[in-house]
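Each chain gets a letter, A, B and so on, in the order its sequence line appears, and its residues count up from 1.
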Protein chains: 2
Amino acid sequence: MHLTSHTDYALRVLLYLRLREDGKSTIQEIADAYGISKNHLMKVVQRLAGLGYVDASRGRGGGLLLAKLPEEINLGRLVEEMEPHLDLVECFDMKTNTCPIAPVCDLKGVLGEAQQSFLGTLLGYTLADLGTRPQRLRKILKMPKAGG
Amino acid sequence: MHLTSHTDYALRVLLYLRLREDGKSTIQEIADAYGISKNHLMKVVQRLAGLGYVDASRGRGGGLLLAKLPEEINLGRLVEEMEPHLDLVECFDMKTNTCPIAPVCDLKGVLGEAQQSFLGTLLGYTLADLGTRPQRLRKILKMPKAGG
DNA sequence: CGATAAGAGGTATTCTGAATGCATGTTATG
DNA sequence: CATAACATGCATTCAGAATACCTCTTATCG
């Protein structure tokens, strides 16, 4: 039971941008801050841009900005959108299911309800709920000061 | 976001045994009923035996029996025990975490809460809650009649 | 207008872990 | 003692994630 690193990184990028409201951030800068691959992070950012969470500008002086208010970025929706699929077990996908009892099985319903509990909890949070202790976070992330 | 097939199969085995209260079932029989690999299923059954959910007897006339009452088999606990780990994201495992902000990050708490919601929902169910429509299930599974 | 900084996007490779198969051992029973 | 069944370890395959690389486009600055 785990989320992909894409989802993990997406959340980290958004948190970074939220803490750095005062200017653009480059992918390189964020990759360095978290110690992860720039190439990998580019894919994540492209996805976030496509979903309308960030504005990415190219060229010299380009970089990333949040495209929404932190309060408008729901963590549950983000996870739903970033995860490649939410098929907890085989029978969640009718197309590929091989379990013969799937149409009559109660398990699917129970697992589905549990999954909804999971997502439901996340739907109760937005990006604005993260980043308490902003000073410590900015320090750990070696975040440039405003205007830098 | 998905559970391993081990967990999936474990649930299916228990459901099968619950429906077939009247006698022992062999691994081969269950593998055939679901159309899955016997070799694979053996590993799952070993695990279930080790965890005390089933009694497995060897030799001619051997087979599997539930070791507990269906009401005593909690689906949440089972999932916790069958899943190799519950590390939703990297930072859930302090040993291997590389994210520098982990100690100060709110994300971990939020995701942990969501995961608890997931497991909490499953903790509300036992094997006794599954297998409504037993007749249809037994038919689909080609389950031997009592005494067979 | 050209050098450069930055994101876009496709492709290829590596790596991990799950899924599966196979071979042999052990136990019980008829 | 033959056979049916579970036990166990090892090997292999496979899928998908993670990562790297390379080229293209866009924008800005000198």
Side-chain angles (χ1 to χ4, degrees), chain A residues 1-10 12-13 17 23-32 34-65 67 82-90 93 96 98-99 144, chain B residues 1-10 12-13 17 23-32 34-65 67 82-90 93 96 98-99 144:
Chain A
M1 183 178 186
H2 70 292
L3 302 177
T4 64
S5 69
H6 264 55
T7 303
D8 187 7
Y9 291 175
R12 295 196 206 175
V13 166
L17 294 178
K24 290 175 187 167
S25 311
T26 67
I27 292 177
Q28 185 69 63
E29 171 188 333
I30 300 175
D32 290 345
Y34 287 112
I36 58 185
S37 155
K38 175 190 168 190
N39 292 298
H40 199 179
L41 205 54
M42 280 177 57
K43 306 302 169 67
V44 175
V45 168
Q46 278 176 233
R47 193 79 210 293
L48 286 173
L51 291 169
Y53 287 108
V54 306
D55 283 329
S57 51
R58 300 188 189 189
R60 198 176 270 201
L64 310 175
L65 284 175
M82 289 298 299
E83 283 295 296
H85 64 80
L86 295 171
D87 299 332
L88 215 47
V89 288
E90 185 193 357
D93 185 356
T96 58
T98 68
C99 181
Chain B
M1 181 179 187
H2 69 293
L3 303 177
T4 64
S5 69
H6 265 54
T7 303
D8 187 5
Y9 291 174
R12 294 196 207 176
V13 167
L17 295 178
K24 290 175 184 167
S25 311
T26 67
I27 291 177
Q28 185 69 62
E29 172 188 332
I30 300 175
D32 290 344
Y34 288 112
I36 58 185
S37 155
K38 175 191 167 190
N39 292 299
H40 199 179
L41 204 55
M42 281 177 57
K43 308 301 169 64
V44 174
V45 168
Q46 277 176 233
R47 194 78 211 293
L48 286 173
L51 292 169
Y53 287 109
V54 306
D55 284 328
S57 50
R58 299 188 189 188
R60 200 175 269 203
L64 310 174
L65 285 175
M82 289 298 300
E83 283 294 296
H85 63 81
L86 294 171
D87 300 332
L88 215 48
V89 289
E90 185 193 356
D93 184 357
T96 58
T98 67
C99 182

Return no unless some side-chain N or O of [X] is found under 4.0 Å from OP1 or OP2 of [N].
X: B:Thr26; N: D:dA4; answer: no
X: A:Gln46; N: C:dG9; answer: yes
X: B:His40; N: C:dA19; answer: no
X: B:Ser37; N: C:dG21; answer: yes
X: B:Tyr9; N: C:dA18; answer: no

Atom-to-atom span, [atom1] of [X] to [atom2] of [N] - whole angstrom:
X: A:Arg58; N: D:dC29; atom1: CZ; atom2: C1'; answer: 18 Å
X: A:Arg60; N: C:dC1; atom1: CZ; atom2: P; answer: 18 Å
X: A:Glu29; N: C:dA6; atom1: CD; atom2: P; answer: 10 Å
X: B:Leu41; N: D:dT8; atom1: CG; atom2: P; answer: 16 Å

Without hydrogens or angle criteria, can the side chains of B:Thr98 and B:Glu90 be said to hold a donor-acceptor pair below 3.5 Å?
-> yes
Out of D:dC22, D:dA18, C:dG7, minimum distance to the side chain of A:Ser5 belongs to D:dA18
Is the base of C:dG21 touched by the side chain of B:Lys43 through a donor-acceptor pair closer than 3.5 angstrom?
-> yes
